[in-house]
Amino acid sequence: ATFRVRFEFEGQSQLAESKQIAIGMTGNVKIRTRCIANVVPRNGILSVAASRALVSYPLNAVVDEVTTEWSQKPVKLGYVGHDWAEVGEGLEEGEVVFVKGHRIIREGDAIQLVEIIE
């Protein structure tokens, strides 16, 4: 896409003084943005449809304890990258989700957390 922009240089920029930039010139610009978001590993996302997905999570995140207390919850996705996915709604910061073995468990199955990665 092409956008018309106006640049202002702080102080006496050598680039502006040397007339290397002229009115009407074209150029390429990279804009870096930064935002704070909840993200989960891409492998933790199940059943994606229309920006909605499911994640599986333990109700009590205790390593090495066998339990049947786990569930699934719907989440709303934002940007989905190659290795991770932004969760816009449905998870709070610090909540644990499964990223391995969760695709084969069924309701009532016992699970054992091996590791919690922060």
Looking at side-chain heavy atoms only, is the closest gap between [X] and [Y] below 4.5 Å?
| X | Y | result |
| --- | --- | --- |
| Ile111 | Thr67 | yes |
| Glu86 | Tyr79 | yes |
| Leu46 | Gln72 | yes |
| Val97 | Ser56 | no |
| Lys73 | Glu95 | yes |
| Phe98 | Asn43 | no |

Worksheet item: Would Val55 end up clustered with Val48 when hydrophobic side chains under 4.5 Å apart are linked, directly or stepwise?
Response: yes
Practice prompt. State plainly whether one hydrophobic cluster holds both Leu113 and Trp70, where clusters connect Ile, Leu, Val, Met, Phe, Trp and Tyr through side-chain heavy atoms under 4.5 angstrom apart.
Written response: yes
Worksheet item: Between Leu77 and Ala85, which heavy-atom pair has the shortest distance, and what is it?
Response: CD2-CB, 4.4 Å
Response to the item:
Scanning both residues in full, the closest heavy-atom pair of Arg103 with Arg106 reads O-NH1, 3.7 Å
Worksheet item: If you count the non-hydrogen atoms of other residues, nucleotides and ligands that lie under 6.0 Å from NZ in Lys76, is the total more than 12?
Response: no
Discussion item. Between Val63 and Glu115, does the side-chain contact (heavy atoms from CB on, under 4.5 Å) criterion hold? Intermediate values first, please.
Written reply: CA-CA 6 Å; Val63 175; Glu115 177 182 23; 5.9 Å; no
Discussion item. Distance check, rounded to the nearest 0.5 Å: Asn38 atom CG versus Glu89 atom CD?
Written reply: 11.5 Å
Practice prompt. Report yes or no: do Asn60 and Glu69 form a side-chain donor-acceptor pair below 3.5 Å?
Written response: yes
Worksheet item: Donor-acceptor pair, Gln112 side chain versus Val66 backbone, under 3.5 Å?
Response: no
Discussion item. Using only atom types and a distance under 3.5 Å, with no angle test, would you say the side chain of His102 pairs donor to acceptor with the backbone of Ile45?
Written reply: no
Worksheet item: Between Tyr57 and Leu91, is a side-chain contact (heavy atoms from CB on, under 4.5 Å) present by the stated rule, with each step listed?
Response: CA-CA 10 Å; Tyr57 68 102; Leu91 282 180; 5.8 Å; no
